Number of protein chains: 2
Amino acid sequence: MTPGPREQLLDKAITHFAREGVRDTSLRGLAPHLGTSQRMLSYHFGSREGLLTAVIDKVVADTTSALRTLFDEHADPFEAGRENWRRAADGARLFGALFFELSSHAMYGKDYARDLGQTVVTRTEEAFAEAYRSRTDEATARVLARLTLAVGNGLLFSTLIDADRAASDAAVEEFITLVRARVESSARQ
Amino acid sequence: MTPGPREQLLDKAITHFAREGVRDTSLRGLAPHLGTSQRMLSYHFGSREGLLTAVIDKVVADTTSALRTLFDEHADPFEAGRENWRRAADGARLFGALFFELSSHAMYGKDYARDLGQTVVTRTEEAFAEAYRSRTDEATARVLARLTLAVGNGLLFSTLIDADRAASDAAVEEFITLVRARVESSARQ
DNA sequence: GTCTATAACTCGATAGAC
DNA sequence: GTCTATCGAGTTATAGAC
């Protein structure tokens, strides 16, 4: 199944948005970089907002499927967390700024960005909570899940600003150590 | 010292940006909401980018001075952290989306947003590290500072997406408990 | 400092031929 | 599906009177 022209354009558009931002990229300015015309972007996506919606839908779909395989492959929530961080940080240089830019659109209440918010917070948090449940009680699992997601997003944020990946890696390890001790102590009770 | 018209316009502009976003706010559309004209915005700030620069400069100055008083008033880094979270979360409904939107501009490498990045990551992290140094060794202080800032920004992010302030408050308390245990155990060595 | 007016430009959307 | 061409509304920046 070879992707149609629409899917090819969408992939290229995401790459370009990741580099240049959504903020000051117009359909006119975007088209030449994708080897197409403004008319074709309008034709395939209906409108500028239609293109943004398609971009977010694809990002959401990719994130969701990646998350599913992640927790299928790692029964240990700490291993899953470490692996999730590694993937996010590796991709950050490419897609990190776009991630936070589109998320800010969700915060402003833009319709086309609502699914993104649901995916990057609610669903991811739920996946972490599910993994923690095997190690601790329900209430602790929920609060640790929220904290874990926050650590991931917060370190992604810091890394994108100051480019200090090593410091963020160290912080992840520190956090894993902290939580592991916490879960072991609650299991001993 | 009563503020001049420029400063009054700037304050109102920040409030409006916080509600509507920078992305789709033009000088023309902004002016009537501030009780002025597009001509006056150009006159006082030179250009649209000049206005954005002024907005960021003010946000940076306010954040820096708030941070200084924060650590002057609370010697206990855990109290300072809790208070920092309280302030950030209280202001989040007003300025949170703007914070992440402008930060994404810094990630894209926009000149006018560089100072913002320095302030919200490098300087804040340094302030936390300074506070932790009184409780633990240098290396641990640095990694805990990075982790603490990440928790704050990450929970701010989650709260802005899903509006669950209570869950974030609980996560902050959980984190303080974790780190307090960590610091006490390292002090015992 | 403030106003009106406008120049010069860019945008998204669309018409219509092929 | 793809092209050229254009409409109409939007933008910033600026000229010039008061």
Side-chain angles (χ1 to χ4, degrees), chain A residues 1-58 98 101-102 104-105 108-114 116, chain B residues 1-58 98 101-102 104-105 108-113:
Chain A
M1 172 178 141
T2 77
R6 195 191 121 107
E7 279 61 41
Q8 293 186 32
L9 285 176
L10 185 54
D11 283 343
K12 290 192 213 166
I14 291 176
T15 303
H16 192 266
F17 279 140
R19 197 164 42 231
E20 304 293 333
V22 171
R23 156 87 175 70
D24 33 29
T25 300
S26 65
L27 292 186
R28 250 183 171 74
L30 176 63
H33 290 97
L34 315 188
T36 187
S37 63
Q38 186 221 342
R39 184 67 188 86
M40 280 299 92
L41 291 177
S42 290
Y43 175 79
H44 284 296
F45 301 101
S47 66
R48 183 181 196 272
E49 186 154 310
L51 173 57
L52 286 187
T53 303
V55 165
I56 288 183
D57 283 351
K58 184 159 171 59
L98 182 60
E101 185 180 23
L102 292 179
S104 81
H105 293 192
Y108 284 124
K110 301 278 178 194
D111 289 343
Y112 61 85
R114 192 171 310 160
L116 181 69
Chain B
M1 169 177 139
T2 77
R6 195 191 121 108
E7 279 62 41
Q8 293 186 33
L9 286 177
L10 186 54
D11 283 344
K12 291 192 213 165
I14 290 176
T15 304
H16 191 266
F17 278 140
R19 196 163 44 232
E20 303 295 334
V22 170
R23 157 80 176 78
D24 32 28
T25 299
S26 65
L27 293 185
R28 220 198 263 283
L30 175 63
H33 290 96
L34 316 187
T36 187
S37 63
Q38 185 224 342
R39 183 66 187 87
M40 282 297 94
L41 291 177
S42 290
Y43 176 77
H44 284 297
F45 300 101
S47 66
R48 185 180 194 273
E49 185 155 316
L51 173 59
L52 284 188
T53 303
V55 165
I56 288 185
D57 283 351
K58 185 158 171 58
L98 182 60
E101 185 180 22
L102 292 179
S104 80
H105 293 191
Y108 284 124
K110 302 276 179 196
D111 289 343
Y112 60 85

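Given the structure is predicted, the values throughout are model-derived calculations rather than measurements. Lettering of chains follows the sequences in order, A, B, ..., and the numbering in each one begins at 1.
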> Using the C1' atoms of the five pairs at each end, what is the angle between the end axes of the helix from dG1(C)-dC18(D) to dC18(C)-dG1(D), to 10°?
Replying inline: 0°
>> What's T36(B) touching, base or sugar-phosphate or nothing? Going by heavy atoms closer than 4.0 Å.
In response: nothing
> Which part of the nucleic acid, if any, lies within reach of R48(B) when heavy atoms closer than 4.0 Å are counted: base, sugar-phosphate only, or nothing?
Replying inline: sugar-phosphate
> If you measure from NE2 on H44(B) to CD on E7(B), what distance do you get to the nearest 0.5 Å?
Replying inline: 9.0 Å
>> As an exercise, state the distance from CZ of F17(A) to CG of L30(A), rounded to the nearest 0.5 Å.
In response: 5.0 Å
Could you check if a side-chain atom of [X] sits within less than 4.5 angstrom of a side-chain atom of [Y], using non-hydrogen atoms only?
X      : Y      : result
D57(B) : T53(B) : yes
L34(A) : L41(A) : yes
T36(B) : Y43(B) : no
Q8(A)  : D11(A) : no

> Listed in order of residue number, which residues of residues 38-45 of chain A have a non-hydrogen atom at under 4.0 Å from DNA chain C?
Replying inline: Q38(A), R39(A), S42(A)
>> Going by salt bridge (Lys or Arg N to Asp or Glu O under 4.0 Å), name the residues that satisfy it together with K12(B), two or more places apart in sequence or in a different chain.
In response: none
> Any sub-3.5 Å donor-acceptor pair from E101(A)'s side-chain atoms to G21(A)'s backbone N or O?
Replying inline: no
> In whole angstrom, what separates R28(A)'s CZ from dC7(D)'s P?
Replying inline: 13 Å
> Taking CG from D24(A) and P from dT11(D), how many angstroms apart are they, rounded to a whole number?
Replying inline: 16 Å
> Using a heavy-atom cut-off of 4.0 Å to chain A, what are the terminal contacting nucleotides of DNA chain C, in 5' to 3' order?
Replying inline: dC11(C) to dG16(C)
> For H16(A), what residues pass the ring-ring contact (aromatic ring centres under 6.0 Å, His included) criterion, not counting sequence neighbours?
Replying inline: H33(A)
> Is there any salt bridge (charged side-chain N to carboxylate O under 4.0 Å, His left out) pair reaching into residues 36-55 of chain B, and which pairs are they, with sequence neighbours excluded?
Replying inline: none
